[in-house]
Amino acid sequence: MVPDPTTIAFRFGYGLPLPEQAAGDAAAMLALLAAPDTIIRQHKGVGFAAALPLLTDLDETRRAQKKDPTQRPRYKAAIDASGNAAIAGARAGFARALDNPDGFRERLVRFWGNHFSVSAKNRQDLLLPGTLIEDAIRPHVTGRFADMLQAVTLHPAILVYLDQVLSVGPTSVVGRRRDRGLNENLARELIELHTLGVNAGYSQTDVRQMAELLTGLSVDLPRGFVFDPRRAEPGAETVLGISYGGEGVEPILQALDDLAMRPETAAHLARKLVVHFVSDTPDAALVAHVRAAYLKTGDDLMAVYAALLEHPGAWVSAVEKARQPFDFIVSSLRALGVTGDALMQGGERPFRRFIIAPMQGMGQPMQGPPGPDGWAEDVAVWINPGGLAARINWAMDVPARLLAELPDPTALAVRALGPRASERLLWAVARAESVREGVGLVLASAEFNRR
C-alpha cells in the first residue's frame, strides 16, 4: 500500500488536520525527524536542572516540618510549587503535540517514555517523570538506543522510582556498616522490560549480578545523580556471561551498551514499535525487517524508523489500534482548532479541569502508569464501557466549554477524518439535534477513536 497523508496523520501522528509543514510521505517524515527539534524552544518543558531548586526546597522543608510542626505551611507551599511545575511540564507536552509539524517525533517521545515508564509514587516525586522525558528520552529519540538507555539508567527519576537509591552492595563499606543489601528492581526492569524482554533466556543470577553492578548509582540533593563508591559492591560482576570490573560508572555503561546490542533486545524493541504503531497482532515480516535494521546499524534508531516506514506492512489499510486518552484529547483539540499556544495561554485551572481530570476518568492519569511496564497497548484496555463513557462525556461537554463558537459538525467530521468519515457518520452528524451534539458525535465516533 502506498503511504498517504491520512494514514500518516492517524497512525504516526496526532490526526487531522495536519499542521503547516507537516510531512505528506514517509521520506518527508524521516527528513523532519532528522532535523533539529525546534518545538522545544517554543514550548519549554521542565528538565531536572530546572526542577532541582524546587526538589531541594521540598526536601529541606519536608525535613524541617518533621522537627518543627510550624514549618508545615512552608512544606505545603513547596509541594504546591512542585505540583504546579509538573503541570507546566505536562502542558508543554500537550502543546508540542498540537503544534509540532513533526507528529512522528511526538509519538516516538511518548512511545519511549512509556517504554521507560516512570510514575510519581508520592507528591514529592511529581516533577520527576517529566524530567526523565525532557533530559533522557527526547534528546536521544533520533540517536542510538544505547545512549538513551544509559541516559535513562543514570537519571534521578528512574533511580528514585525503581528504588535504586535504596540498593547497597552487601559487602560494600556502607553495606557492612549498616547491614543493608541489594534492591533488584532496576536490574530486573533493565533486563526484562528495557532491553531483552520477558523470557529472553536470562537467569536470576544475571539479575542479581546486574543489581550488584548497579550499586553506587544514587541521588543526592542538591547535586542530583551521584556515584557513591562506598555503596558499590566490590569486585567484578558477570552478566549474561560477560565480566564487568573497574571503578565508577564505566563498567555499568559498558554493560548497558552490551545489553543494547543483544539480538534479544533488537527483537523486543522491534515488536514493541510495530505493536504500538500498527497492530496488537504484529506482522512477523515487518517485525523481522525492523529487527534486522537495528542489528545491522548498531542500534541506530533513525535506521530503525526508516525500516518501519519503508515496509508495506506498516501501511496496511486495516485500522487496528485505539487512540489512548492522551492521543484522543490531543487529536480532539487539534480537530477543534485549539493550538498549543492557546493551550499554554489558557491558564492552569482549565487545563487541570478539562484535560488532566478527564484523562484520569478515561483510565490514563497523568504520570500514573500502573507499573514499570507502562500503559498497555491492547485495544480492549482503552475501548471498554467505562473508558468510552468518559470519552463520550468529554466529547459532548468540553468542546463547548473551550471554544467561544463550535464548528459546523459536518465540516468538523470532514476536517478531522478526511476519507475516513463514513457516510453513516456524516448522516448522523447532519441530523444531530444541536451543534454541540453533532460535534460530540464526531469526537466520540469509532472512526475518530481508532487509528
Side-chain angles (χ1 to χ4, degrees), residues 11-12 26 29-30 33-34 104-105 107-117 136-154 158 186-203 206-207 209-210 213 238-242 244 252-316 321 372-374 376-377:
R11 187 165 293 166
F12 298 102
M29 290 170 66
L30 292 171
L33 193 58
F104 190 35
R105 184 191 301 270
R107 286 285 305 282
L108 287 167
V109 168
R110 292 285 298 179
F111 168 80
W112 290 114
N114 193 52
H115 180 74
F116 294 107
S117 185
I137 291 174
R138 192 172 190 106
H140 297 288
V141 160
T142 58
R144 291 181 62 224
F145 174 70
D147 293 336
M148 186 190 296
L149 179 66
Q150 292 173 358
V152 167
T153 304
L154 271 58
I158 207 92
L186 178 58
R188 186 173 304 281
E189 308 312 352
L190 270 175
I191 294 174
E192 185 173 288
L193 297 180
H194 300 164
T195 57
L196 305 187
V198 180
N199 301 321
Y202 59 88
S203 68
D206 292 315
V207 172
Q209 290 280 290
M210 189 71 194
L213 181 63
T238 301
V239 181
L240 297 167
I242 302 176
Y244 299 96
I252 297 172
L253 297 179
Q254 184 58 59
L256 295 174
D257 198 70
D258 290 343
L259 283 172
M261 284 310 304
R262 298 275 303 196
E264 300 94 332
T265 299
H268 179 53
L269 298 181
R271 189 180 191 283
K272 285 195 72 171
L273 278 164
V274 175
V275 166
H276 177 75
F277 284 104
V278 184
S279 172
D280 290 346
T281 54
D283 177 0
L286 175 55
V287 172
H289 187 67
V290 175
R291 173 185 178 276
Y294 183 101
L295 291 173
K296 181 180 179 180
T297 62
D299 76 346
D300 178 357
L301 292 177
M302 283 297 293
V304 169
Y305 308 145
L308 173 67
L309 297 179
E310 74 188 9
H311 195 279
W315 302 98
V316 293
K321 298 293 297 182
D373 52 348
E377 288 286 351

May I ask you to test the Phe277-Lys321 pair for a side-chain heavy-atom distance under 4.5 Å?
no

Shortest non-hydrogen separation from Tyr294 to Ala260 and the atoms involved
OH-O, 2.6 Å

Shortest non-hydrogen separation from Ile137 to Gly113 and the atoms involved
CD1-CA, 3.6 Å

Do His194 and Glu189 have side-chain N/O donor and acceptor atoms under 3.5 Å apart?
no

For the residue pair Phe104 and Tyr305, categorise the inter-ring angle as parallel (less than 30°), tilted (30 to 60°) or perpendicular (more than 60°).
perpendicular

Minimum heavy-atom separation for Leu253 to Gln150, with atom names?
O-NE2, 3.1 Å

Is there a side-chain contact between Arg105 and Arg138, using heavy atoms and a 4.5 Å cut-off?
yes

Counting distance only, does the side-chain N/O of Asp299 pair as donor-acceptor with the main-chain N or O of Ala146 below 3.5 Å?
yes

Kindly check if the number of other-residue, nucleotide or ligand heavy atoms within 6.0 Å of CZ (Arg107) is above 12?
yes

Interatomic distance, Leu256 atom CG to Leu154 atom CG [nearest 0.5 angstrom]
7.5 Å

If you compare all heavy atoms of Arg144 against all heavy atoms of Gly298, which two are closest, and at what distance to 0.1 Å?
NE-O, 3.7 Å

Donor-acceptor check, side chain of Thr265 to backbone of Leu259, threshold 3.5 angstrom: yes or no?
yes

Leu269 CG to His115 NE2 distance, which is reported to the nearest 0.5 Å:
5.0 Å

Between the CG atom in Asp257 and the CG atom in Asp147, the distance rounded to the nearest 0.5 Å is 8.0 Å

Could you check His289 against Glu310 for side-chain hydrogen bond (donor to acceptor under 3.5 Å, both in side chains), going step by step and ending with a plain yes or no?
CA-CA 10 Å; His289 187 67; Glu310 74 188 9; 2.6 Å; yes

With the side chain counted from C-beta on, respond yes when Asp283 and Val274 share a heavy-atom pair under 4.5 Å apart, and no when they do not.
no

Atom pair CG/CG of Leu33 and Leu108 - distance to nearest 0.5 Å
6.0 Å

Atom CG of Leu149 and atom CG of Leu190: how far apart are they, to the nearest 0.5 Å?
6.0 Å

So, Arg11 side chain and Ala314 main chain: donor-acceptor pair closer than 3.5 Å or not?
yes

Give me the atom names and distance for the closest heavy-atom approach of Ala307 to Ala293.
CB-CB, 3.5 Å

Would you mind reporting whether Thr195 and His268 have side-chain heavy atoms less than 4.5 Å apart?
no

Less than 4.5 Å apart, side chain to side chain, heavy atoms only: is that true for Pro263 and Arg291?
yes

Non-hydrogen side-chain atoms of Met148 and Phe116 separated by less than 4.5 Å
yes

Nearest heavy-atom pair of Val304 and Leu273: which atoms, and what distance?
CG1-CD1, 3.6 Å

Is the shortest heavy-atom distance from the side chain of Phe111 to the side chain of Lys272 under 4.5 Å?
yes

Euclidean distance, Leu301 CG relative to Thr142 OG1, rounded to 0.5 Å
8.0 Å

I'd like to check Leu308 versus Phe12 (side-chain heavy atoms, cut-off strictly below 4.5 Å). Are they in contact?
yes

Verdict with supporting geometry, Val278 and Trp315, side chain to side chain contact (heavy atoms under 4.5 Å, CB included)
CA-CA 8 Å; Val278 184; Trp315 302 98; over 6 Å; no

Donor-acceptor pair, distance only, cut-off 3.5 Å: does the side chain of Gln209 make one with the backbone of Val239?
no

